[in-house]
Amino acid sequence: MLDVKRLRKDFDAVKKKLEKRGENIDELDRFLELDESRRNLIQKTEELKKRRNEVSQEVAKRKRENIDAQDLIDETKNVSINMKQYDEELRAVEEDLQQLMLTIPNIPHESVPIGESEEDNEEIRTWGEIPSFPFPVKAHWDLGVELGMLDFERASKVTGSRFVFYKGAGAKLERALISYMMDLHSDKHEYEEVIPPYMVNRESMTGTGQLPKFEEDAFNIREEDYFLIPTAEVPVTNMHRDEIIEGWKLPFGYSAYSACFRSEAGSAGRDTRGLIRQHQFNKVELVRFVHPEDSYSQLELLTGHAEKVLQDLELPYRVLNMCTADLGFTAAKKYDIEVWLPSYEDYKEISSCSNFEDFQARRANIRFKRDPKAKTEFVHTLNGSGLAVGRTVAALMENHQEEDGSIRIPKVLQNYMGGRTHIQAK
RNA sequence: GGAGAAGUACCCAAGUGGCUAUAAGGGGCUCCCCUGCUAAGGGAGUAGGUUGUGUAAACGGCGCGAGGGUUCGAAUCCCUCCUUCUCCGCCA
């Protein structure tokens, strides 16, 4: 959510910045009108409330002294009725304004390239050598089935399309990656480990920005109005919803393992094979709460933490600075990390690291105080995948495949895989 | 799932329509005094948040788990919901 005061004061400039996202934001024009009518009504209703309070006290005083107060009571009756009318109008206007504010995206940071499509994303750096294979490369969905690691067919029988069974070495590899990532981030990068609830309520989904605009992307448990989390970002950021954090605790972060659930509405026909786009996948998510003045250096730090995983796993990748068209609704700046995927002969997103500035903090009301007497301020929140586990498995299988059909396990994972150096057919 | 109880400040807690929520009384915390050393005593101070007008100082509104309602006036009465606890049932 944007700062209402800033929007009021600086309306045209803010609008101009939002237009660079290429989204339709005509709705924004209603803001000034709603804002003014809100403040008008507040003044009217508060004046009446003040009057009512004064009279009530006078009535109380007279009753104590056994003096008749009927004239005052009659007078206040009307005051109360008017007050309630204004209150009701005010409630309606505030509701409208709130709904409007919830649909306005974040303002892009000045370092974000202006663009119209993913073509305009800016490559910041690449790491590692794109492998060249002296034999025909296999896609992970073929390798996975041949090695008994993945079973897509039975998953679609048991559930439906875009689900998978991990089996044998596949299940073990998935579990090894989760453990390795969680250990790396908690032991070396000083995140606190978290396993969150996989379902959240509507307030949480609104707090991080999935709702109200993107409801069709999530799975909803109708009976309770809960949502299956599309990412651990949602429960973990909302852990501190409606809290005031003591300033000395900042910055801090959580490393959260969870399953993630996405309806993938609108992606029919894309990435139909393999692990790349599933309705359910595992992810280790990094979430940071930081001082506002530090959030851009914290974004670099966070991105580095995610990159370290790929470096340890010896997987080539590149980092992109996402342009205004590709930023998403909530981010002020976003780096995508894309891993090399031989079957695609291209890079594929494996982590998305964002600085939301105070956008989520305003929605979720997450604040801090620099010291006990200080004013409250909104924190800045950041998050990034560290990493998406399913896509990591795919990248690892494909990049580390050997001519004999086996898969080389990188050194950092070997202890987690019972000392094995390769996965091979039985 | 059934039955009951509770939710007031940093914590415990009093308050059952106006008689100070300007929140009793404890505890804790901060400062001061006395004492003089891992003690004890005395005194003072301890809503926070949010929002409106205003350049500001300031002056208002809201606040007793949340939201409604009744009333001139609600922590107090009524309704709905949430959370916690106890007992029963079920269950990994």
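Bear in mind the structure is a predicted one, so any value in this text is a computation, not a measurement.
Residues A:Leu382 and A:Gln298 come closest through the heavy atom pair CD2-C, 3.9 Å.
You won't find any donor-acceptor pair under 3.5 Å spanning the side chain of A:Glu46 and the base of B:rG52, going by distance alone.
Taken from CE in A:Met397 to CD1 in A:Ile407, the straight-line distance is 4.0 Å, to the nearest 0.5 Å.
The side chain of A:Lys49 sits closest to B:rC62 out of B:rU53, B:rC62, B:rU51. Counting only heavy atoms from C-beta on, A:Lys369 has its side chain closest to B:rG48 among B:rG52, B:rU50, B:rG48.
Side-chain nitrogen and oxygen atoms of A:Arg38 include none within less than 4.0 Å of the OP1 or OP2 phosphate oxygen of B:rU51. Taking 4.0 angstrom as the limit, A:Asn53 places a side-chain polar atom (N or O) nearer than this to OP1 or OP2 of B:rC62.
When the C1' atom of B:rG48 is taken as reference, atom CG of A:Asp242 falls 15 Å away, rounded to whole Å.
Taking for each of A:Glu224 and A:Gln57 the nucleotide of RNA chain B with the nearest heavy atom, the 5'-most of the two is the partner of A:Glu224. Between A:Arg39 and A:Glu47, the residue whose closest nucleotide on RNA chain B is further toward the 5' end is A:Arg39.
Looking only at distances, a side-chain donor or acceptor of A:Ser156 sits under 3.5 Å from a matching main-chain atom of A:Glu153. At distances below 3.5 Å, not a single donor-acceptor pair connects side-chain atoms of A:Glu94 with backbone N or O atoms of A:Arg91.
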Measure all distances between protein nitrogen or oxygen atoms and nitrogen or oxygen atoms of nucleotides 9-11 of chain B, and list the pairs falling under 3.5 Å.
none

When you compare the protein's N or O atoms with those of nucleotides 69-79 of chain B, which come within less than 3.5 Å of each other, and at what distance?
unit_1, atom_1, unit_2, atom_2, d
B:rC72, OP1, A:Lys77, NZ, 3.4
B:rC72, O4', A:Ile73, O, 3.4
B:rC72, O3', A:Ser80, OG, 3.1
B:rG73, OP1, A:Ser80, OG, 3.0
B:rG73, O4', A:Ser56, OG, 3.3

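A cation-pi arrangement is absent between A:Arg6 and A:Phe11, since the terminal nitrogen or guanidinium carbon is not both under 6.0 Å from the aromatic centre and inside a 45° cone about the axis.
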